[in-house]
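The next block holds one structure in the form of structure tokens; read it before the comments.
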Amino acid sequence: TRPSTHVPSGLPALPRVQPDVFDVGATCNLAAPGQVLLRKVEAKAHVWEVFSGKASLTAHLQKTRLATLPGVDVVDGPLHWDLTSEGVMKRVFKWIRDKNVQYVHLGTPCTSFSMALRGAARTRSEQNVLGDLSLARDRIANTLVRNSVRIIRYMERLGRFWSLEN
């Protein structure tokens, strides 16, 4: 029989993962079929808000007793990381691995992608999805979207969960 899992506030349980998901040198002992005991890796599953702004989602998730990591953002957030930097992106992937992040919520900035922009401020169209590459705003936004996709693909590869806002 499988051990029961308590899920706070009626949230669906995360599926059990295979030991090979924990690729940071974890030592695994199979205590019972379907149950894995971990050592040398953060055993608690975490939720992480990337492009968090003021980290409002993180604050609300903490009220449900879910384990969260500090929100990370380019401008606001508890952690100010330059998410256009390759070095920072390596740190993001390391945190996902080492902190046992099972769910990432991405609030990728949409400013230059918004259809609400009018006149000269609107630089993107169906024919020109990359925008005006002479503008730093559009180049930075394109990099942030590419890095969001990289995080999503990484989570998919690990068999973990994600959501994308905007």
Side-chain angles (χ1 to χ4, degrees), residues 8-15 17-18 20-24 41-42 44-166:
S9 303
L11 296 174
L14 294 176
V17 293
Q18 298 302 314
D20 64 339
V21 169
F22 302 96
D23 58 353
V24 291
V41 149
E42 184 71 46
K44 188 184 292 186
H46 285 93
V47 175
W48 197 20
E49 186 180 10
V50 177
F51 302 108
S52 64
K54 303 276 186 210
S56 300
L57 177 63
T58 299
H60 289 289
L61 290 173
Q62 288 170 340
K63 292 176 186 175
T64 69
R65 296 183 297 162
L66 289 171
T68 60
L69 295 174
V72 61
D73 195 82
V74 178
V75 179
D76 293 321
L79 298 177
H80 302 279
W81 290 359
D82 178 4
L83 293 161
T84 63
S85 160
E86 187 56 34
V88 169
M89 288 307 296
K90 286 179 182 176
R91 186 181 328 157
V92 166
F93 296 126
K94 182 174 176 19
W95 269 44
I96 290 170
R97 247 189 356 259
D98 294 355
K99 304 286 185 185
N100 190 17
V101 175
Q102 292 293 316
Y103 172 75
V104 169
H105 175 77
L106 299 147
T108 310
C110 65
T111 309
S112 78
F113 291 95
S114 176
M115 295 304 284
L117 293 174
R118 301 279 184 244
R122 187 170 181 182
T123 59
R124 298 179 192 272
S125 66
E126 287 184 34
Q127 297 76 30
N128 186 23
V129 294
L130 295 178
D132 182 349
L133 297 179
S134 70
L135 295 175
R137 175 193 78 178
D138 286 1
R139 289 192 311 273
I140 291 168
N142 291 342
T143 299
L144 295 175
V145 167
R146 273 193 296 276
N147 286 340
S148 294
V149 171
R150 291 173 63 197
I151 292 169
I152 289 167
R153 286 182 175 158
Y154 188 65
M155 294 298 286
E156 286 284 321
R157 210 168 38 240
L158 294 174
R160 298 180 186 178
F161 301 92
W162 57 271
S163 59
L164 177 65
E165 178 182 334
N166 297 326

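Below, all heavy atoms of this structure are taken into account, side chains as well, without hydrogens, waters or symmetry copies.
- The local environment of CZ in Arg91 is crowded, with over 12 non-hydrogen atoms from other residues, nucleotides or ligands closer than 6.0 Å.
- Every residue meeting the side-chain contact (heavy atoms from CB on, under 4.5 Å) condition with Leu130, not counting sequence neighbours, appears here in chain and number order: Leu133, Asn142.
- The nearest pair of heavy atoms linking Ser56 to Glu49 is N-OE1, 4.2 Å.
- Between atom CG of residue Leu57 and atom OG of residue Ser52 there is a gap of 9.0 Å, rounded to the nearest 0.5 Å.
- Contact annotation: the side chain of Ile151 approaches that of Phe93 to within less than 4.5 Å [non-hydrogen atoms, C-beta and beyond].
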Point to revise | Arg153 vs Val149, side-chain contact (heavy atoms from CB on, under 4.5 Å): CA-CA, chis, key distance, verdict | key: CA-CA 6 Å; Arg153 286 182 175 158; Val149 171; 3.8 Å; yes
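- Scanning for salt bridge (Lys or Arg N to Asp or Glu O under 4.0 Å) contacts around Glu126 gives an empty result, with sequence neighbours left out.
- Under 3.5 Å, the side chains of His46 and Gln102 contain no donor-acceptor pair of N or O atoms.
- Taking all atoms of both residues into account, the shortest heavy-atom contact from Ser163 to His105 is OG-ND1, 2.6 Å.
- Residues passing the side-chain contact (heavy atoms from CB on, under 4.5 Å) test with Gln62 are Thr58, Thr68, sequence neighbours excluded.
- Looking at heavy atoms from C-beta onward, Val92 lies out of side-chain contact with Arg150 at the 4.5 angstrom threshold.
- We find the OG1-CG distance between Thr123 and Asp138 to be 3.5 Å, quoted to the nearest 0.5 Å.
- Side chain to side chain, Ser134 and Arg139 fail the donor-acceptor criterion of an N or O pair below 3.5 Å.
- Between Leu69 and Val47, the closest side-chain pair of non-hydrogen atoms is not below 4.5 Å.
- Remark: Ser125 pairs with Gln127, Asn128 by the side-chain contact (heavy atoms from CB on, under 4.5 Å) rule, at least two apart or across chains.
- Between Ala45 and Ala67 the shortest heavy-atom distance is O-CB, 3.4 Å.
- Taking OG of Ser112 as the start and CG of Leu144 as the end, the distance is 9.0 Å to the nearest 0.5 Å.
- Partners of Trp162 under the ring-ring contact (aromatic ring centres under 6.0 Å, His included) rule, at least two apart in sequence or in another chain, do not exist in this structure.
- Judged by distance alone, with hydrogens and angles left aside, the side-chain atoms of Arg160 form a donor-acceptor pair with the main-chain N or O of Ile96 at under 3.5 Å.
- With sequence neighbours excluded, no residue satisfies side-chain contact (heavy atoms from CB on, under 4.5 Å) with Ala59.
- Contact annotation: the side chain of Arg137 never approaches that of Asp132 to less than 4.5 Å [non-hydrogen atoms, C-beta and beyond].
- Here the closest non-hydrogen pair linking Pro70 and Trp48 is O-NE1, 2.9 Å.
- Of all the heavy atoms in Ala55 and Gly71, the pair that sits closest is CB-CA, 4.4 Å.
- Taken to the nearest 0.5 Å, the CG atom of Leu83 stands 7.5 Å off from the CG atom of Asp73.
- Nearest heavy-atom pair, Val101 versus Met155, reported as atom, atom and distance to 0.1 Å: O-CE, 3.8 Å.
- Residues Phe51 and Val74 meet the side-chain proximity criterion, which asks for heavy atoms closer than 4.5 Å.
- Between atom CE of residue Met89 and atom CD of residue Glu86 there is a gap of 7.0 Å, rounded to the nearest 0.5 Å.
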